[in-house]
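Encoded as structure tokens, the structure appears first; notes follow it.
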Amino acid sequence: MRDAFRPLMIPILLFLLSLYLFAKTPDGCITCHRNTTPIDAYHPYKEFGCASCHGGDKNTRSKELAHRGIVLHPAHIQHAKIFCAKCHKSIIDRIQHSIMYDMHGVYDVLRYQFKETSTIRPSHGVYAKMDESNLTLAQSHFRKMCAACHIDQNESIFPKGYAPRGGGCVDCHRISQAKWQGSKLLHPRLSTRIPSSNCLKCHNRSDRIGLAYFGKFESEGYGTPYHHGQLSHKIEKNRYYYPLPADIHHTKAKLDCIDCHTERGVMGDGKYHEHMEGAEDISCIDCHAPRLHDAMHYPLAAKLAAINAKIPLPTGKIAITHKKGTPLYNVQLRSGKVTLFRKRDGKAFFITPSSRRPYHTLAIHKRLACTACHSSWTPSCYGCHEVYLDSGRQLDWISKKRTPGQWQELRSFLRWEHPTLGIGYNKKIMPFAPGCQVIATIFHGRKVQKRFVSMAMAGWDPHTTQKKARSCQDCHFDPASLGLGRGILHIEKGRIAFAPFYDSRASGMPFSYPIDAFETPEGHQLQSTSRTYARSFNAKELTKILQAYTCILCHTGYNDPIYRDFTRSKKLFLRGMTPCLKK
Amino acid sequence: MFEKVAPFLLVLSALQAGTCITCHPKEARDVRHSLHFTLQKALTITHHAWSIEGNVTLQTLPHPPKTIKKVTDLVDDFLRRKCLRCHLPPQDENSCLACHHPHPPKVHFARAKATMDKCLACHNKEYIGTDFLGWFPKDYDRSYRAPLSPQGTYPPVKYGIDYHHLAPDVHYEAGLTCTDCHTRLHPKAKTLSCKACHPHPSSSNHPAYHKRIACIACHASWQINSYELSLFRDDTAHYKQWRRLTLQEDPWLRTFLQKALHSPTPPPPRMPDFIDGTLHKGIWYSGYRFRRWEDFYLAVDRRDGKIKLYRPLYQYRISYRDANGSVVFDDVHTLAGRPIAVWLPYAPHTIGKQAKSCEMCHDNPLLLPAKSTGTVLDLKHPARSDLLWQARMLDAKERAKLHSQRYRKIRAKMLIRRLQMVPSPQGR
């Protein structure tokens with residue numbers, strides 16, 4: 001049997017060799033397009049040719065034939081599946097499961113908030129099958145207000161005044177735009193050293209992380225102060241900011257988004273995740289209390305460092321994320337010190353390890369997320385007054401057409417101070433902010449057809465980290481932090497009482513509790529959340545927090561021995577066995 | 001029927017009878033010495049903020065020079081054409097009717113009494129007046145015109161302003177009106193103090209260590225703090241950038257902008273001098289950085305040594321563009337290194353049933369010495385003591401007292417008692 005193939009061996013080998021040689025030769029496109037700038041070090045078109053990415057017929061000298069079937073933007077996912085996937089198949093597969101690909105996280109929460117579903121179920125791919133002639137309100141809202149931002153968006157549909165988003169892989173990886181210089185084509189440059197400005201194209205609304213990290217707070221819209229006779233501090237059309245303290249990672253080291261966020265966290269791990277926090281890979285402790293492993297076990301780390309080309313190749317130990325075990329190739333142990341190399345330029349920063357002082361080690365605060373204390377402010381937009389006009393027309397970001405129906409968003413007021421705390425999606429105490437407080441008015445013609453209210457709070461890392469934590473009192477007695485709202489907190493006859501400032505009913509809202517209240521003083525939750533475990537403080541927790549405050553007043557430092565075993569200290573106090581009230 | 005036509009009859013009869021002055025010559029003379037007539041305090045303090053010292057009244061307020069050369073040349077123009085919408089008409093002999101209602105000669109005197117709507121016509125916005133009803137002015141951008149009513153209409157605009165509704169003053173809820181406490185305004189203003197009605201506050205809640213604190217500091221529940229007022233006099237017809245900001249708490253400007261933005265032939269940029277009614281070139285626009293109702297700042301009034309509430313009124317930033325389109329002053333906020341700002345004592349009319357908690361003052365971060373951060377956080381404290389009007393910041397000793405052992409002990413005991421976690425041998 002084997003002998004039967006022997007005479008064929010030489011022709012087969014010759015054929016394979018010719019294929020290899022042919023593939024190595026630049027294709028015919030280069031004959032005309034030789035005046036093109038390079039893409040990056042890893043996609044040398046003089047080696048790969050143009051057709052391997054753009055398609056077309058590379059074996060002809062006729063322009064018409066050569067251009068038949070070429071793709072101008074091969075990075076769009078439907079093309080990337082064919083072209084980019086030749087080399088990056090696993091990534092193209094993974095990205096199609098990610099939230100940034102289809103925004104299914106946003107869509108699911110939106111349907112839940114608009115009360116079109118009773119639970120949040122992942123609906124990946126479902127919105128593509130929406131019945132365009134009969135859209136529900138949530139679907140219409142999603143298509144007209146949210147769907148502008150996803151990596152596969154068509155960049156050319158963005159009107160003037162808005163940063164174009166989308167384009168597939170290049171949405172993130174492109175660091176310069178295509179441009180003709182006479183007959184010379186400046187090809188878009190690609191990189192894994194993704195500048196934060198690429199992330200900010202999208203991540204500047206909703207929870208406004210991309211603004212907050214850089215010390216910008218989307219303002220009340222005054223556009224003040226006036227500079228050169230114009231409104232100033234503009235973000236984009238009709239949106240303005242003012243400065244607040246930026247995240248310490250920005251002020252101290254000018255870190256970019258990608259210095260913390262891994263490719264696995266951003267492009268996905270290949271699984272469907274309902275929400276961002278499922279897809280997310282990193283946490284504060286990955287750097288500040290790192291798990292260090294031998295780099296040699298992680299060839300991916302070496303590969304990514306090589307592609308980055310600024311970061312020294314990991315040789316000793318590198319950090320591994322606690323959540324998914326992803327290697328952080330830019331966090332390396334160097335001469336005994338955990339060092340972060342900035343991906344943009346390879347600049348080294350020694351990481352301050354999380355202190356082992358009592359405030360971090362004591363059991364009393366083991367339920368706190370780092371952000372509960374270290375986030376200094378949170379953008380909080382109270383009241384999301386949605387107005388739907390069926391007589392209007394607005395761009396549908398999925399069909400890319402102006403279709404009937406128009407949404408407008410109005411709001412009540414903004415705050416950043418004293419971030420509200422609650423139990424987060426991971427059962428840890430973290431900052432919350434309105435997300436979203438839907439007060440909707442649906443018009444049919446000029447008449448109100450329907451009104452509905454769906455108030456929710458959401459917890460996230462606001463990206464406003466400071467070294468200095470919030471004060472004890474700020475969390476243990478401030479009513480806004482506790483989730484009661486802005487007003488006067490007082491205690492009477494064993495009862496927590498609260499006199500709120502905001503009068504929702506008198507302000508025209510169809511509900512009576514203060515709009516900034518997450519729960520009542522009795523611990524009854526007033527606003528929903530979109531996460532299974534997320535909730536406000538309950539009565540027991542509120543009492544505990546306030547009881548602890550009575551101790552904090554005199555026992556001011558974490559070093560105070562009463563905190564070593566606080567449960568026991570409290571018990572001793574209640575039995576009258578402590579000297580607390582003696583004098 | 002009579003009820004409906006009565007007001008018209010009253011006006012008619014008043015007009016027929018001639019002017020108020022015919023019967024009330026003394027009052028008409030007296031009123032000329034009242035602050036309502038001279039506005040001396042407001043004008044002098046504003047001049048002071050702009051580093052111009054000396055008393056000034058509505059009657060002595062200079063006209064701005066024809067060509068603006070210095071920043072301070074703008075202040076009188078700003079006052080005349082932006083602030084002084086509210087003043088008593090000096091020539092009009094019926095100016096009494098700004099506050100009083102007309103009545104037929106020799107009868108129905110009681111009808112003449114100033115009612116709250118008369119007061120609120122001027123005492124609105126962030127000034128004391130509408131706060132008594134619980135009203136807090138909304139931000140200017142049109143996205144704050146919410147929530148829509150069940151009929152789908154925008155919220156009402158009162159005195160050119162759309163308001164949030166916060167907790168009203170307890171005295172308002174009890175049915176009191178302005179004149180119940182502000183019993184007389186001319187010849188000399190007379191206001192009942194808190195003590196006049198509440199002579200014996202309980203000693204347990206009003207311990208001796210708080211004797212230096214003004215009642216209002218604890219009992220006012222919220223207040224209106226507007227941080228940084230940017231002003232822009234524009235002599236050019238650039239109206240478009242204001243299309244979302246037509247509701248600038250200035251009814252005249254709102255009407256003007258609605259015309260300017262929607263008419264095919266926009267009017268030229270001219271705004272009246274509200275004192276003499278003449279039109280002059282240039283429109284005054286304004287905007288804040290942000291506003292808060294939960295912030296407050298305490299300082300010591302040098303005149304009586306009491307600790308009172310203070311707020312910025314205002315922290316100014318000024319721009320001016322002349323008719324040729326050149327920006328003469330671009331966002332000026334200091335004069336000879338001194339911020340153009342003044343912090344004034346404040347008595348918010350927002351008394352609640354519940355006084356402030358101890359923590360709201362004792363742990364108020366705004367009372368700590370401010371370090372410049374280069375962010376808007378800096379606006380929440382007076383940058384320097386001399387920005388406080390006849391007052392000083394709390395000194396180091398007073399600040400230390402906020403966190404003294406004594407305070408901590410007293411507060412802890414109080415809370416332990418109120419939380420009913422007093423120790424007992426059985427424990428819990």
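Below, all heavy atoms of this structure are taken into account, side chains as well, without hydrogens, waters or symmetry copies. Each chain gets a letter, A, B and so on, in the order the sequences are listed, and its residues count up from 1.
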Can you tell me if [atom1] on [X] sees more than 12 non-hydrogen neighbours from other groups inside 6.0 Å?
X        : atom1 : value
A/Met577 : CE    : no
B/Lys380 : NZ    : yes
A/Tyr382 : OH    : yes
A/His444 : NE2   : no

Between [X] and chain A, with a heavy-atom cut-off of 4.5 Å, which part of the residue counts as in contact: side chain, backbone, both or neither?
X        : value
B/Glu294 : both
B/Asp234 : neither
B/Arg411 : both
B/Ser286 : backbone
B/Pro147 : both
B/Trp135 : neither
B/Arg291 : both
B/Tyr320 : neither

Considering only heavy atoms, which portion of [X] lies under 4.5 Å from any heavy atom of chain B: side chain, backbone, both, or neither?
X        : result
A/Thr550 : both
A/Pro500 : backbone
A/Tyr240 : neither
A/Trp377 : neither
A/Ile552 : backbone

As a test of understanding, state which of B/Tyr144, B/Trp293, B/Phe136 forms a ring pair (Phe, Tyr, Trp, His ring centres under 6.0 Å) with A/Phe413.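 Testing A/Phe413 for a ring pair (Phe, Tyr, Trp, His ring centres under 6.0 Å) against B/Tyr144, B/Trp293, B/Phe136 leaves exactly one candidate, B/Trp293.
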
Just so I understand: if I count every heavy-atom pair under 4.5 Å between each of [options] and chain B, which residue has the most?
options                                : value
A/Ser412, A/Ala246, A/Ala499           : A/Ser412
A/Arg446, A/Met509, A/Glu417, A/His418 : A/Glu417
A/Ala506, A/Pro479, A/Pro225, A/Gly508 : A/Pro225
A/Gly487, A/Gly383, A/Gly494, A/Gly576 : A/Gly494
A/Lys447, A/Arg495, A/Gln408, A/Gln230 : A/Gln230

Given side chains that start at C-beta, do those of [X] and [Y] come closer than 4.5 Å, heavy atoms only?
X        : Y        : answer
B/Leu379 : A/Tyr242 : no
A/Arg505 : B/His165 : no
A/Pro245 : B/Thr375 : yes
A/Leu231 : B/Trp242 : yes
B/Pro150 : A/Val448 : no

[X] [atom1] to [Y] [atom2] distance, which is reported to the nearest 0.5 Å:
X        : Y        : atom1 : atom2 : result
B/Leu419 : A/Lys493 : CG    : NZ    : 14.0 Å
A/His490 : B/Met360 : NE2   : CE    : 11.0 Å
B/Ile416 : A/Leu553 : CD1   : CG    : 8.5 Å
B/Leu415 : A/Gln547 : CG    : CD    : 11.0 Å
B/Glu228 : A/Tyr222 : CD    : OH    : 12.5 Å
B/Met421 : A/Cys551 : CE    : SG    : 5.5 Å

How close do [X] and [Y] get, heavy atom to heavy atom, and via which atoms?
X        : Y        : answer
A/Cys554 : B/Ala412 : SG-CB, 4.2 Å
B/Arg243 : A/Asn238 : NH2-OD1, 3.4 Å
B/Arg408 : A/Thr556 : NH1-CG2, 3.1 Å
A/Leu489 : B/Ser357 : O-CB, 3.5 Å
A/Gly221 : B/Asp141 : O-OD1, 4.0 Å
B/Ala355 : A/Ile488 : O-CG2, 3.2 Å

Run the ring pair (Phe, Tyr, Trp, His ring centres under 6.0 Å) check on B/Trp222 and A/Tyr502 step by step: do they pass? CA-CA 10 Å; B/Trp222 52 271; A/Tyr502 203 80; over 10 Å; no

Run the side-chain hydrogen bond (donor to acceptor under 3.5 Å, both in side chains) test on B/Asp330 and A/His227 for me, step by step, so that the C-alpha distance in whole Å, both residues' side-chain angles and the decisive distance to 0.1 Å come before the verdict. CA-CA 6 Å; B/Asp330 193 10; A/His227 286 164; 5.9 Å; no

Starting from the C-alpha separation in whole Å, work towards a yes-or-no answer on side chain to side chain contact (heavy atoms under 4.5 Å, CB included) for B/Lys413 and A/Leu581. CA-CA 7 Å; B/Lys413 279 188 186 172; A/Leu581 302 174; 3.6 Å; yes

Would you check, one step at a time, whether the test side chain to side chain contact (heavy atoms under 4.5 Å, CB included) holds for A/Arg486 with B/Arg292? CA-CA 11 Å; A/Arg486 283 151 192 86; B/Arg292 290 292 179 267; over 6 Å; no

Counting the benzene-type ring for Trp, do A/Tyr226 and B/Trp284 have ring centres under 6.0 Å apart?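 Between A/Tyr226 and B/Trp284, the centre distance exceeds or equals 6.0 Å.
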
If you apply the rule side chain to side chain contact (heavy atoms under 4.5 Å, CB included), what do you find for A/Leu410 with B/Leu148, and how did you get there? CA-CA 9 Å; A/Leu410 308 171; B/Leu148 299 190; 4.1 Å; yes

If you apply the rule salt bridge (Lys or Arg N to Asp or Glu O under 4.0 Å), what do you find for B/Arg418 with A/Glu492, and how did you get there? CA-CA 5 Å; B/Arg418 291 192 186 166; A/Glu492 54 185 37; over 6 Å; no

Test side chain to side chain contact (heavy atoms under 4.5 Å, CB included) applied to A/Ser471 and B/Asp363, step by step: CA-CA 9 Å; A/Ser471 70; B/Asp363 283 296; 5.9 Å; no

How far apart are the C-alpha atoms of B/Lys138 and A/Glu220, what are their side-chain angles, what is the distance that settles it, and do they pass the salt bridge (Lys or Arg N to Asp or Glu O under 4.0 Å) test? CA-CA 10 Å; B/Lys138 283 183 191 165; A/Glu220 285 84 345; over 6 Å; no

